[in-house]
Amino acid sequence: MNGTKRKWVAYGVAGAVGLVVIGGGAAATAANMNLRSTDGQVVPGGAVTGPSGNVLDRAGVTMTTTDTSASVVSSASPTPTPSAPSPASPAT
């Protein structure tokens with residue numbers, strides 16, 4: 001029984017090491033890739049900015065922040081979209 005238990009521990013350790021190696025390879029590959037726009041230009045690294053150049057376009061968004069978290073208190077309501085007309089029911 002003890003030999004079987006050790007075998008499963010070895011399998012678990014080997015699996016965990018394998019996941020770490022795969023994750024490290026994925027992170028290294030992602031770090032070497034460039035983000036490109038639809039016309040092929042390289043997107044510069046750094047903070048994600050909105051159309052006005054701010055990190056977050058705050059029109060209608062209220063946030064609270066602490067040293068460890070940020071929470072959205074309120075946000076703009078979505079504009080309603082017109083609903084499609086319902087299909088006519090068959091005559092009975």
Side-chain angles (χ1 to χ4, degrees):
M1 181 76 175
N2 198 13
T4 304
K5 192 174 188 180
R6 284 186 182 169
K7 181 170 59 171
W8 285 109
V9 169
Y11 289 156
V13 169
V17 169
L19 288 176
V20 168
V21 169
I22 290 171
T29 301
N32 288 322
M33 290 184 174
N34 291 325
L35 294 177
R36 296 189 179 270
S37 63
T38 54
D39 60 357
Q41 294 181 356
V42 175
V43 177
V48 177
T49 58
S52 66
N54 295 329
V55 173
L56 176 64
D57 292 330
R58 297 182 183 196
V61 176
T62 305
M63 296 183 70
T64 59
T65 58
T66 65
D67 290 338
T68 58
S69 67
S71 301
V72 176
V73 177
S74 66
S75 62
S77 298
T79 56
T81 57
S83 60
S86 59
S89 57
T92 56

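Since the model is a prediction, treat every value here as computed from it, not as a measurement. Just the heavy atoms: all of them, side chains too, but no hydrogens, waters or symmetry mates, feed the values below. Residue numbers start at 1 and run along the sequence shown.
Sorted by first then second residue, the ring-ring contact (aromatic ring centres under 6.0 Å, His included) pairs that include residues 13-33, not counting sequence neighbours, number zero. Pairs passing the ring-ring contact (aromatic ring centres under 6.0 Å, His included) check and including a residue from residues 11-38, sequence neighbours excluded, read W8-Y11.
Under the 4.5 angstrom side-chain criterion for Ile, Leu, Val, Met, Phe, Trp and Tyr, V20 has no cluster partners at all.
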